[in-house]
Amino acid sequence: MLSRPRSTIAQAARVFATLSLGAVVAVTSSVSAFAQNVPVIRDAEIEALVRDYARPIFKAAGLANDGIDIVLVNDQSFNAFVTGRRLFINTGALMTAETPNEIIGVIAHEAGHIAGGHQQKLRDQLERAKTMAIIATLLGAGAIAAGAATNSRGLAGAGMGVAAGGGEMAQRSILAYQRTEEMTADRSAITYLNATGQSGMGMLKTFHRFQTALSLSGAQVDPYRISHPMPQDRIANLEVLVKQSPYVDKIDPPALQQRHDMMRVKIAVYMDGQAAASRLIRKMPGSLAAQYGDAQATYLFGDIATALAKTNALIKTQPKNAYFQELRGDILMKANRPKDAADAYAKAVSLDPARSGLLPVSWGQALMAIGTPESLKKAVVQINNGLGRDKENSAGYRYLAQAYGELGDIPGAELATAEGHFYSGNYKDAKIFAMRAQQQMKRGEPRWLRAQDIINYTPSNKIKIK
Ligand SMILES: [Zn+2]
């Protein structure tokens with residue numbers, strides 16, 4: 001379940017539990033400094049869907065075994081970018097795209113950058129951020145007007161013109177280099193799309209949208225557009241390649257489109273509020289996505305009993321949908337029925353084909369809320385299970401620490417806290433808690449050794465900030 005961060009929870013013991021419902025968390029340790037302050041959002045359903053979009057593309061790009069993580073960024077603007085072995089994608093991009101194919105096209109293009117090793121060459125993502133900052137500054141100084149005057153040259157063209165006029169040739173060369181990279185990534189993207197029998201029309205649609213002057217209107221400028229210069233000839237080349245493909249008219253499978261619609265509705269309900277959600281839902285009358293959005297909106301903004309009835313109806317339609325069960329669990333938690341919630345989350349875990357680490361942690365939170373010693377022990381098992389699947393779910397360590405604490409296992413709680421800090425990239429506190437945990441452990445026992453690993457860790461050895 002996905003939600004905005006909230007802090008107005010009555011029961012202190014459940015603060016973390018509720019926050020974990022798709023909380024916005026800091027990006028974890030292995031992400032470069034560039035991305036350290038990116039507001040990451042976690043959601044089992046959306047992560048699974050985007051991974052399903054990416055999997056065949058990564059395979060075609062020869063990246064299947066590279067363990068590339070997909071990270072969802074809580075941002076309404078359109079953006080997707082690569083840093084290290086992570087592909088970041090904004091919720092705004094997922095919301096804007098009307099079909100899976102549009103997102104798959106963007107992923108294919110980004111995969112082209114990864115496979116091409118682009119970031120290891122002239123500029124890395126830090127460089128790109130710098131470039132973006134420069135262009136953003138220039139935009140503020142009237143480059144939008146220049147962009148309108150040069151018409152099809154686009155935003156980057158405008159920024160370039162101003163930059164060159166100011167004698168800043170360095171930026172000009174970065175942009176020129178970037179342009180070559182973009183053309184290469186486009187060509188690679190088409191190769192991957194062809195190899196997977198998918199159309200390039202979605203990618204073309206996205207890039208066309210950025211190319212039109214329309215996307216310059218209003219206060220928001222999409223970062224993707226700024227980092228992706230789209231001069232006329234690039235789009236023209238891409239258009240030729242897309243239309244040559246035997247798969248140009250291929251559309252997404254209906255089941256995938258349905259999941260996409262459900263994702264968009266979910267983002268709208270949780271991120272953009274009731275009014276925005278209603279607008280989107282009205283565009284999908286009679287659909288399962290509309291029904292899903294309605295149930296979620298009722299859960300967040302309406303009556304709990306009604307939300308539960310609507311969710312039960314959804315489950316009748318798709319009894320094997322793990323995320324309907326997850327929603328049912330969330331509703332039952334809000335209704336203060338942790339036992340029933342635990343059953344719903346247990347079902348969600350057993351039905352989840354993607355084996356998300358988030359769902360066992362939700363199950364664990366429900367078990368914690370039951371509050372008996374047996375349920376706390378079961379909670380520890382489930383949360384550990386979730387963290388085993390997804391080590392970087394830093395919120396999970398907080399619940400684990402709390403569960404150990406309530407069971408009276410203080411060194412366990414301190415080790416969990418240490419690991420939580422560790423995976424949040426907060427090494428100083430991680431070491432403090434690891435040392436505290438060790439004081440109450442037998443030297444050399446497995447948990448003592450885990451604490452020792454944290455104490456011995458030196459960030460510069462393992463984190464590659466390129
Ligand atoms: Zn690109």
Sequence neighbours excluded and cut-off under 3.5 Å, please list the side-chain donor-acceptor pairs for residues 279-287, or say none.
from : atom 1 : to   : atom 2 : distance (Å)
S287 : OG     : M284 : O      : 2.7
S287 : OG     : A290 : N      : 3.0

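A donor-acceptor pair is defined here as one N or O able to donate and one able to accept, closer than 3.5 Å; no such pair exists between the side chain of N101 and the backbone of D252. Here the side chain of E326 pairs no donor or acceptor atom with the backbone of S362 at under 3.5 angstrom. Not a single donor-acceptor pair under 3.5 Å links the side chain of S356 to the backbone N or O of D352. Distance alone, capped at 3.5 Å, is enough to place a donor-acceptor pair between the S245 side chain and the Y247 backbone.
Between F88 and F81, the ring-plane angle classifies as parallel under the 30° and 60° cut-offs.
Counting heavy atoms from C-beta outward, H421 and Y397 have side chains that stay 4.5 Å or more apart. By the 4.5 Å heavy-atom criterion applied to side chains, R328 and N312 are counted as neighbours. With a 4.5 Å cut-off on side-chain heavy atoms, I70 and R86 do not count as touching.
Applying the salt bridge (Lys or Arg N to Asp or Glu O under 4.0 Å) test to residues at least two apart or on different chains, the pairs with a partner in residues 308-317 are D294-K310.
In this structure D340 satisfies the salt bridge (charged side-chain N to carboxylate O under 4.0 Å, His left out) test together with R337, sequence neighbours excluded.
For the residue pair N90/Q76, the side-chain donor-acceptor check at 3.5 Å is not satisfied. Checked by atom type, the side-chain pair Y53/H260 shows a donor-acceptor distance below 3.5 Å. Donor-acceptor pairing under 3.5 Å is recorded for the side chains of E45 and Y292. Side-chain contact of S77 with D75: a donor-acceptor pair under 3.5 Å is present, judged by distance alone. A donor atom on one side chain and an acceptor atom on the other are not found under 3.5 Å apart for D390 and N393.
E102 and A97 get closest at one heavy-atom pair: OE1-CA, 3.3 Å.
For the pair R234 and F207, the cation sits on the ring face: its NZ or CZ lies under 6.0 Å from the ring centre, inside 45° of the axis.
Within a 6.0 Å sphere centred on CD1 of I370, heavy atoms belonging to other residues, nucleotides or ligands number more than 12.
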